[in-house]
Amino acid sequence: MRHRRALLPAFAVTSLFLAAACSSAVPRAAELPAAGQEQQIRATEPAAESTDHPLTVAAAPTATATATAAPRGSGQRAHKTTLTVSSYDGHTRRAVISDHSKGSSPHSPAPSTGSSAAPHRTAVGDVIASAPAPGAPRGLLAKVTKVIGETDGGTEVQTEPATLNALLGDATAKGDVPVDPSSFTVDKLLPDVQVSWSKTGDAHAGPKGATVPLGSLRLDVGAQVPTAGDANASATASVHGFVQVAPQVDFAYGGTGSDAPPGSAYLGVSGDWTSGWAVKGRAAAATGTPLRIPFAKLHADPVLQVGPVPVVVNLDLTCYLQISADGRATVDVEQSLKGDFKAGGTFGPARGWTPVSSSHMTGTPVRASVTTAGSVKTALGAEATVGLYGTVGVTADLAPYLRGEAAGTLTAASDGSTPKATGTWDVYGGVDLTGTLRIQLSVFGTPVVQRSVPLGALHREWRLAGGSLSS
């Protein structure tokens, strides 16, 4: 039975618009708001951003609805407005846009003639970038192609996919934003999975929450794995351990204009990694393919505030156990591992999209022994997928592992005495990092990648312990 923990923060919709030349006119002087209403439309004024300074990249406020708008061709940057996405239909690509000005609601009627605050209405050519909204749980980046009409909830529009360069233009931005560990939803795939996290403000959850470092998410798991058919009860195979990760999203953009591909771009995931796990018993013989056992799926949609633009990042993690063995070696091995990782894709005009991957891990054996000749390898890893606005960009598989092997001979005497085993055994720790760049990274406004690009395999291994087989 699956157990789901919904940990997402309270719903907060943010949007931004790049208005077409046919956007509604500025209110006449006689229609300007009174002092008490000034904040309701102030967000429709152009943002005073300088192209000489990079845009700030930070975690978006969780309770602040933001949006931006600027006429196409006016030279103005995208900036904040009170318009929001009230609903979206992914099949028809129709959206309802409403004005959530202070003191109004999605169902408020439009101001009558002579009202002090004229509403900002959407128009063909507007580019919308919204934080998660009803019908668009992974955010929305779209261009208005048709204004269908007014509804009780706002203005209904037809849209098509858009790209970030239409909003960010010639701006530059670069930043690494930690992902709030409490924002993950966790789908437990095995019964013995425990989730803990800790963040600033002395907030924590789970059995290990009080000891988990700030900003980290920890999953503890224990599972029986297939045991060799002729093994006795004492050789039952099992894996117990934990994964602790503090993920962050890495984002960069170097623009050349709203109608041109950026000069540079980067999207990736990185973070600190700590894990520890123990393998004990005699695992069953492999069928030719390592046995992978997913034990938890995690999802979060952190929103980056890139200047005035909300950029929605979609992050998925699948944590798993993996084992391969020949059914002969009996092991009792435990290792703790600590380090960091980085995986992503970087764009440049000359080479296009190219992969980035690195990992620095150190392992320490807690205990290690192998009896009888044979081999076994176990991994406690995570597959991460990161994208923008519901499109997959980078998939990375980080798999720290333990590998034990023994080689020797077993000599049986004709007089019926106990057989004697001679030989050596060794236990190794290691890490594999693999992944893929996907076609959907064109959401930056870069040329479409015609094929998936492998990140390239990163492999490191180190010896933990060794010894002699004895009867």
Side-chain angles (χ1 to χ4, degrees), residues 5-12 14 54-64 66 131-132 138-139 173-186 195-206 208-219 242-253 265-275 296-307 309-319 337-346 356-361 382-389 393-396 398 433 435:
R5 296 182 56 188
L7 301 176
L8 286 173
F11 168 74
T14 60
L55 299 178
T56 300
V57 179
T62 58
T64 303
T66 63
R138 297 197 171 196
K174 183 178 181 180
D176 307 323
V177 179
V179 181
D180 181 353
S182 68
S183 69
F184 282 95
T185 58
V186 181
V195 182
S196 306
W197 55 260
S198 175
K199 66 177 186 177
T200 56
D202 196 29
H204 56 81
K208 302 291 184 180
T211 58
V212 171
L214 291 179
S216 294
L217 179 73
R218 171 169 168 152
L219 292 96
F242 74 92
V243 170
Q244 180 178 290
V245 61
Q248 65 179 23
V249 174
D250 308 324
F251 177 91
Y253 174 89
Y266 180 84
L267 179 66
V269 60
S270 62
D272 295 328
W273 174 282
T274 304
S275 61
K297 289 186 177 181
L298 301 87
H299 175 77
D301 296 297
V303 182
L304 310 185
Q305 196 71 46
V306 182
V309 180
V311 176
V312 185
V313 180
N314 315 122
L315 181 59
D316 290 277
L317 294 172
T318 299
C319 298
L337 194 85
K338 190 173 184 178
D340 57 54
F341 67 95
K342 185 181 186 73
T346 184
V356 173
S357 62
S358 65
S359 178
H360 304 89
M361 298 278 183
E383 182 178 77
T385 299
V386 60
L388 300 176
Y389 302 104
V394 180
T395 298
L398 181 66
L433 177 60

Does a side-chain heavy-atom distance below 4.5 Å link Val313 with Leu304? yes
Flag side-chain contact, heavy atom, 4.5 Å: Val306 against Phe251: yes
Hey, does Trp273 have a side-chain heavy atom less than 4.5 Å from the side chain of Leu337? yes
Are Leu298 and Leu219 packed together at the side-chain level, in the sense that at least one heavy-atom pair is separated by less than 4.5 angstrom? yes
Once you round to the nearest 0.5 Å, how far does CG of Asp272 lie from OG of Ser216? 7.0 Å
Would you find a donor on one side and an acceptor on the other, under 3.5 Å apart, between the side chain of Ser359 and the backbone of Asp340? yes
Side-chain touch Val212/Lys199, heavy atoms, less than 4.5 angstrom: no
Are the side chains of Pro247 and Phe184 in touch, meaning some heavy atoms are under 4.5 Å apart? yes
Where is the tightest heavy-atom contact between Leu317 and Ala384, given as atom of each residue plus distance? CD2-CB, 3.4 Å
In plain terms, say whether Asp176 and Lys342 are close enough for a salt bridge, that is, a side-chain N and a carboxylate O under 4.0 Å apart. no
Nearest heavy-atom contact between Ala210 and His204 is N-ND1, 4.0 Å
Nearest non-hydrogen partners of Val57 and Ala173, listed with the distance: CG2-CB, 3.8 Å
Checking Glu383 against Thr318: is there a side-chain donor and acceptor pair closer than 3.5 Å? no
Heavy-atom check, side chain of Val311 versus side chain of Tyr389, under 4.5 Å: yes
Where is the tightest heavy-atom contact between Ser198 and Leu214, given as atom of each residue plus distance? OG-CD2, 3.4 Å
Flag the pair Leu315 / Val269 as yes when at least one side-chain heavy-atom distance between them is below 4.5 Å, and no otherwise. yes
Is a donor on one side and an acceptor on the other found under 3.5 Å between the side chain of Ser275 and the backbone of Val243? no
Any chance the side chains of Lys338 and Thr274 put a donor and an acceptor closer than 3.5 Å? no
If you take all heavy atoms of Pro302 and Val179, which pair is closest and at what distance? CG-CG2, 4.2 Å
Once rounded to the nearest 0.5 Å, what's the spacing between atom CG of Leu55 and atom CD of Gln305? 10.5 Å
Once rounded to the nearest 0.5 Å, what's the spacing between atom CG of Leu398 and atom CZ of Phe341? 6.5 Å
At what distance, to the nearest 0.5 angstrom, does OG of Ser182 lie from CG of Leu217? 9.5 Å
Please name the pair of heavy atoms, one in Ser270 and one in Asp250, separated by the smallest distance, quoted to 0.1 Å. OG-OD2, 2.9 Å
